[in-house]
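The shown structure was predicted, so the numbers you read here are calculated from the model rather than taken from an experiment.
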There are 2 protein chains.
Amino acid sequence: MNTSTEARNNETGKAASRSAKTGAARVSQTERAYDQIKRRILENDMAAGFQALEQELAEMLGMSRTPVREALIRLAEEGMVEVRPRHGMRVLPVSADDMREIYEILTSLESTAAELAAARGVTDAEMAELKMTVTDMDAALEEEDLRKWAAADEKFHMLLVKFSNNARLLALVNSFWEQTHRVRLVTLRLRPKPVNSNKDHAAVADAIAKGDREAARRLHHRHRVKSGKMLVALLKEHGLTQL
Amino acid sequence: MNTSTEARNNETGKAASRSAKTGAARVSQTERAYDQIKRRILENDMAAGFQALEQELAEMLGMSRTPVREALIRLAEEGMVEVRPRHGMRVLPVSADDMREIYEILTSLESTAAELAAARGVTDAEMAELKMTVTDMDAALEEEDLRKWAAADEKFHMLLVKFSNNARLLALVNSFWEQTHRVRLVTLRLRPKPVNSNKDHAAVADAIAKGDREAARRLHHRHRVKSGKMLVALLKEHGLTQL
DNA sequence: GCACGCATTAATGTATACGTTAACATAGTC
DNA sequence: GACTATGTTAACGTATACATTAATGCGTGC
């Protein structure tokens with residue numbers, strides 16, 4: 001008589017950390033506000049420098065100011081927006097210097113992740129998953145599909161961090177990647193074909209497969225320093241001081 | 001920036017925006033709630049596992065639920081507390097495994113900071129400041145003043161990160177240090193005399209003075225791995241599974 | 001034309017109201 | 001006695017109310 005066990009999966013279905021319980025996923029307004037605003041920022045619907053008052057956001061999202069405020073607190077803490085008392089929130093632009101800072105951190109954390117993954121050892125399934133991203137990157141380059149390449153690139157980095165067996169590390173790296181999302185979108189078309197990145201990834205994967213932690217760390221570190229420098233140079237070169 | 005030195009009045013201490021004419025410092029309730037709750041957690045007034053409802057905290061702090069909620073969102077984001085819908089907030093205990101994760105991250109970020117500081121080069125004044133902490137640590141050990149030693153130790157690490165010229169890195173390291181604060185307090189008396197730590201610090205300072213980035217990184221990395229392992233071992237040895 | 005002070009306005013910070021719903025207790029069923 | 005259904009309660013999520021105060025514009029004096 002009770003069919004409530006049948007999941008009505010018409011919800012966002014995103015990376016919602018809702019447990020896979022039965023019943024409709026009850027999403028709080030605060031959560032909705034957070035997801036919505038973040039999505040719009042990441043997809044550049046709200047570009048860098050975009051400003052809006054709490055009330056405006058509330059109307060835009062069909063809710064009151066309270067959940068909007070709560071979402072903004074989180075987004076501000078993560079460095080996505082800034083909240084100035086009488087000016088509402090502002091989507092923080094990312095400068096070349098911001099990118100330097102973020103890449104220094106990502107370089108550090110990701111190469112640590114590579115080392116940890118190599119030290120811990122990854123399962124065959126995990127290694128297969130990792131190598132698949134390299135294959136995808138190669139294929140994407142062949143097809144000249146930069147979007148696809150970027151997706152595979154991101155997947156590789158995320159898997160790497162996941163395999164490090166450190167939840168905090170994963171969350172951190174994820175957060176900083178998000179902050180670079182817009183910038184990478186733009187530079188994707190300005191940079192030279194990322195052939196070397198593919199090679200780098202393959203080499204890192206190999207080192208991890210061999211359990212050579214020092215090599216994994218060193219190779220990934222070098223890879224990250226290279227792409228970081230390239231990106232920052234690209235930004236300066238094109239006068240892209242604020243993204 | 002908030003060392004455990006003194007439990008002064010709850011002033012923000014940051015902006016010093018207190019103008020001469022208006023005597024009262026303009027601190028928002030949300031900020032007061034944040035500072036207060038955080039201070040109590042760091043000083044173990046609210047021990048790990050401590051629970052309280054929003055309403056209780058509000059009464060405790062003499063304000064309404066709203067600013068308490070906003071403070072809790074930030075504290076939760078920083079990993080200090082957990083907010084469960086019908087159980088109020090809970091001060092998150094730190095397990096040995098949490099310490100492993102946090103130390104892996106700190107090891108990574110701090111050794112990067114050491115490398116960056118060495119690469120950038122520090123001024124004479126900065127180097128003097130750094131060496132002063134080593135002197136203080138030595139003196140503290142002589143006097144068997146472990147509190148003082150811990151303060152100097154923390155100062156060294158914070159200076160290191162400050163000299164890296166990366167604001168995000170500084171904020172991150174600071175945040176994770178705070179999370180280990182309670183644990184370090186307890187282990188301070190259980191661990192062997194930290195003679196080697198002093199030597200390590202001196203060596204790192206030297207490498208930075210010489211501008212030897214690879215040495216700075218490697219030495220600090222080794223230092224951190226050592227103390228991290230020591231700490232985790234200590235926790236397990238003494239059955240301190242939750243702090 | 002410019003600097004300054006004051007009135008106006010509106011965005012915010014905070015308190016409070018209120019419906020919803022999870023947690024707990026209690027009673028009822030096998 | 002264990003388990004399930006039901007009722008009660010109160011903590012929360014969210015909306016709203018309201019006092020405060022920063023930003024803005026305007027008029028005044030020079």
Please determine, for the side chain of [X], which listed nucleotide ([options]) has the closest atom?
| X | options | result |
| --- | --- | --- |
| R86(A) | dA15(C), dA22(C), dT12(C) | dT12(C) |
| P85(A) | dG13(C), dG13(D), dT16(C) | dG13(C) |
| E54(B) | dG13(D), dT14(D), dT14(C) | dG13(D) |

Counting only side-chain N and O atoms of [X], is one of them less than 4.0 Å from OP1 or OP2 of [N]?
| X | N | value |
| --- | --- | --- |
| T30(A) | dT14(D) | yes |
| R69(A) | dT12(C) | no |
| T66(A) | dT14(D) | no |

| request: Would you kindly say whether S95(A) and D98(A) are connected by a side-chain donor-acceptor distance under 3.5 Å? | output: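 Looking only at side-chain atoms, D98(A) and S95(A) do form a donor-acceptor pair, the distance falling under 3.5 Å.
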
| said: Quick one about E110(A) and H157(A) (side-chain donor to acceptor, distance below 3.5 Å, no hydrogens or angles considered), yes or no? | reply: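 Distance-only check passes for H157(A) and E110(A).
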
| field | Student check: side-chain heavy atoms of E56(A) and L53(A) closer than 4.5 Å | value |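 E56(A) vs L53(A): side chains touch.
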
Interatomic distance, [X] [atom1] vs [N] [atom2] [rounded to whole Å]:
| X | N | atom1 | atom2 | result |
| --- | --- | --- | --- | --- |
| L53(A) | dT12(C) | CG | C1' | 10 Å |
| Q29(A) | dT21(C) | CD | P | 12 Å |
| Q55(A) | dT14(D) | CD | P | 16 Å |
| E56(A) | dA10(C) | CD | P | 13 Å |
| I73(B) | dT14(C) | CD1 | P | 13 Å |
| R32(B) | dT14(C) | CZ | P | 10 Å |
| E59(B) | dA10(D) | CD | C1' | 13 Å |
| M89(B) | dC12(D) | CE | P | 11 Å |

| Between atom CD of E77(B) and atom CG of L75(B), what is the distance when rounded to the nearest 0.5 Å? |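 E77(B) atom CD to L75(B) atom CG measures 10.5 Å (nearest 0.5 Å).
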
| task | Quick one: pull up CD in Q36(A) and CD1 in I41(A) and give me the separation to the nearest 0.5 Å. | result |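 Rounded to the nearest 0.5 Å, the CD-CD1 separation comes to 11.5 Å.
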
| query | Which sits closer to the 5' end of DNA chain D, E70(A) or H87(A), going by the nucleotide each is nearest to? | reply |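 Whichever sits nearer the 5' end wins; that is E70(A).
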
| query | Taking N and O atoms by type only, does the side chain of R65(A) place a donor or acceptor under 3.5 Å from a partner on the base of dT12(C)? | reply |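 No, no donor-acceptor pair under 3.5 Å.
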
